[in-house]
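Just so you know, these numbers come straight off a predicted model, no measurement behind them.
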Amino acid sequence: MIEVKLHDVGEGMTEGEIAHYLVQVGDHVTTDQPVVEVATDKMVAELPAPVSGIVKEIIIPVGQTVQVGTTLLHIEASNASDMPVTVAPEASRVPESVPVAVPPVQASPTKRVLATPYTRKIARDHGIDIEAVTASDPSGRVSEDDVLRFVQAATAPQETAVPILEEVTYQEASPETIPFRGIRKQIAKKMTQSLYTIPHVTHFEEVDMTRLLALRAEWKAAGRNININAFFIKALIVALKEYPVFHAKLDEANECIRLEQDFHFGMATETPDGLMVPVIRHADQLSLTELHEQLVALQQRAQNGALRAADLKPSTFTMSNVGPLGSTGATPIINYPETALIAFHKTKKRACVDEDDQIVVRSMMNLSMSFDHRVADGATAVAFTNRFVSLIEHPTTLLLELI
C-alpha cells in the first residue's frame, strides 16, 4: 500500500489545506495523475499519484489543514515495478489530532479534464461538474470562460407561470458566509504576524508626476511603451542603494541587521484568490524594457491564477501600486520579515504654486511608506523618499543614474 503524503510544493512551506480531491475511493489512477489539490499561503497546487493503481482510502477530509509529511490517501500499486523508492519527505511531526477517514465512495469511471486549479475552483463554487463543461480550446483544456458560459446557460431564466398566493409569509434570512480558509486564511496569518511583530510607522509624501508622464507619452508615441512601475522600481533601487537600511531584514536571534545585496522586488497584486506578492528577481540587472515585460507577464499570470512557485520566492523589498483602483492614501502593512513597504496612490491633476508663485496644473501622486521603527528612524525615511521623489520628478536624472 503506497502512502501519498503532503510534500513541500513551495519554498518554505510547512502546512497546507486540503482543497479538493480529484479522485474517489476505487478509482484507478496512473503515475503522475493529479489526485488532490492543496491550498498553501501562496498557491493552489496539485499533488500527483506516485504510482499506478487503485485508490483504497482517503484519510484527510477536505477543508482540514495538515503539516508537511502527513499521509493524505492510500493507493494500492498495480504491480511491484510501480513501487517508488520514496513517496514524500518524512513528516517533521505527526498531527496531534486523529485523522478523520472519509467514507468510501462507490467507484465510477471518470475522465481526466484538463483545467487549472483556479478554473476547477470556479466550477466547484458554482456546483458544476467540470466534466460536463465543453472546452472551447482545441487541446481540450477547459478555461474559466468555458465554465462561466456553462453557468450562464444553466441559470438562464425560463418563462414560468406565476402562481397567485392568497397569503405571503416572510422568513428571516440567515446571513451568508464566506469560507475563511486556504489562501485567505494564510494572508490573515501573515498580516497578523507582521503587525504584531513589527512596530509600524507610516510616512506620507507627494510626487509631481508631470515630467515622467510626459516622457512616457513621448516614448509611447515612438512605439516604446513602458509600465510606470518599471520607472518606480529603477528609482527605488537607486534610493535603496543610498539608504540600504530599508533594504534589510532584522535578525534578532543574532542581534544584527542584514543588508540585502540582491534586489528581489515583490509586487503586491490583487488576484481572484486574494492579495499575493509575485517577485521580480535581480531587478537591478534588468533594463526598463525587461522590467516592463516581466511586470506584464506577472500581472497576467496572477489574474489567471497561474502563478508559479518560482514567481513567489521571497522578496527583499515590496511595493504596491493601488493608484489605478483610485486610492489616495493608506497605512500599508509590511511584508514580514522585510523592513519597509512603499505604496503608490492615485495620480490626479491639481492646482499647485510653482517657484515663481504662479498657479499651475500638475499631475500629483501621493505615496505612503511603512517601515520598521526598530531598524530605521523617521528622518532616514524622509531622506529616502525625498531621494525617490527627486528621481521621479526629474526623469532625466533617473536615466543618467541608469547609464
Side-chain angles (χ1 to χ4, degrees), residues 202-240 246 265-271 275 277-278 280 283 286-289 291-300 302-303 317-335 340-356 358-371 381-402:
T202 303
H203 166 62
F204 300 92
E205 188 53 270
E206 61 180 10
V207 190
D208 186 347
M209 297 285 291
T210 308
R211 291 176 179 172
L212 179 57
L213 293 179
L215 176 64
R216 282 190 69 227
E218 181 180 342
W219 285 9
K220 187 174 182 179
R224 189 183 183 194
N225 188 26
I226 300 295
N227 191 301
I228 195 70
N229 286 329
F231 291 97
F232 290 163
I233 290 173
K234 284 299 185 183
L236 284 169
I237 290 172
V238 173
L240 288 170
F246 296 113
F265 267 73
M267 310 298 298
T269 305
E270 186 66 27
T271 75
L275 182 67
V277 187
I280 295 179
L286 303 177
S287 67
L288 280 169
T289 300
L291 278 174
H292 167 80
E293 292 171 350
Q294 289 210 24
L295 284 164
V296 171
L298 282 177
Q299 178 70 18
Q300 290 176 346
Q303 293 304 317
F317 188 88
T318 299
M319 58 176 274
S320 172
N321 189 349
V322 290
L325 302 178
S327 168
T328 59
T331 54
I333 297 177
I334 298 168
N335 187 16
L341 183 150
I342 194 165
F344 304 110
H345 306 284
K346 180 172 62 176
T347 299
K348 61 181 180 179
K349 292 184 177 181
R350 298 205 301 256
C352 303
V353 179
D354 65 10
E355 296 177 353
D356 298 324
Q358 300 296 314
I359 296 178
V360 294
V361 176
R362 310 294 288 180
S363 296
M364 304 299 294
M365 178 187 74
N366 293 338
L367 69 79
S368 54
M369 173 186 167
S370 293
F371 62 94
V382 172
F384 171 77
T385 54
N386 283 348
R387 178 58 169 145
F388 171 80
V389 169
S390 176
L391 293 167
I392 294 299
E393 292 185 344
H394 302 87
T396 302
T397 304
L398 172 60
L399 295 178
L400 289 173
E401 290 282 353
L402 303 181

Which atom pair, heavy atoms only, marks the closest approach of [X] to [Y]?
| X | Y | result |
| --- | --- | --- |
| I359 | A351 | CG2-CB, 4.0 Å |
| R350 | N366 | NH1-OD1, 4.1 Å |
| S363 | T210 | N-OG1, 2.9 Å |
| S287 | K234 | C-CE, 4.3 Å |
| T202 | A330 | CG2-O, 3.9 Å |
| V361 | K349 | CG1-CB, 3.9 Å |

Are any side-chain N or O atoms of [X] and backbone N or O atoms of [Y], one a donor and one an acceptor, separated by less than 3.5 Å?
| X | Y | result |
| --- | --- | --- |
| K220 | I226 | no |
| E270 | Q303 | no |
| S370 | P332 | yes |

Exercise. Is L212 close to L398 at the side-chain level, that is, under 4.5 Å between some pair of heavy atoms?
Worked result: no
Exercise. Below 4.5 Å, heavy atoms only, C-beta onward: do I342 and F371 meet side chain to side chain?
Worked result: no
Enter the distance from [X]:[atom1] to [Y]:[atom2] here, rounded to the nearest 0.5 Å.
| X | Y | atom1 | atom2 | value |
| --- | --- | --- | --- | --- |
| L367 | H203 | CG | NE2 | 7.0 Å |
| N229 | M319 | CG | CE | 4.0 Å |
| D208 | I392 | CG | CD1 | 11.0 Å |
| F232 | L391 | CZ | CG | 12.0 Å |
| L295 | T269 | CG | OG1 | 9.0 Å |
| E206 | T385 | CD | OG1 | 11.5 Å |

For this session: Just say parallel, tilted or perpendicular for the rings of W219 and F231, cut-offs at 30° and 60°.
Result: tilted
For this session: Tell me yes or no: between the side chains of T396 and R211, is some donor less than 3.5 Å from an acceptor?
Result: no
Problem set entry | Test salt bridge (Lys or Arg N to Asp or Glu O under 4.0 Å) applied to E401 - qualifying residues, sequence neighbours left out | R387
For this session: For residues F246 and F388, establish whether the separation of their ring centroids is below 6.0 Å.
Result: no
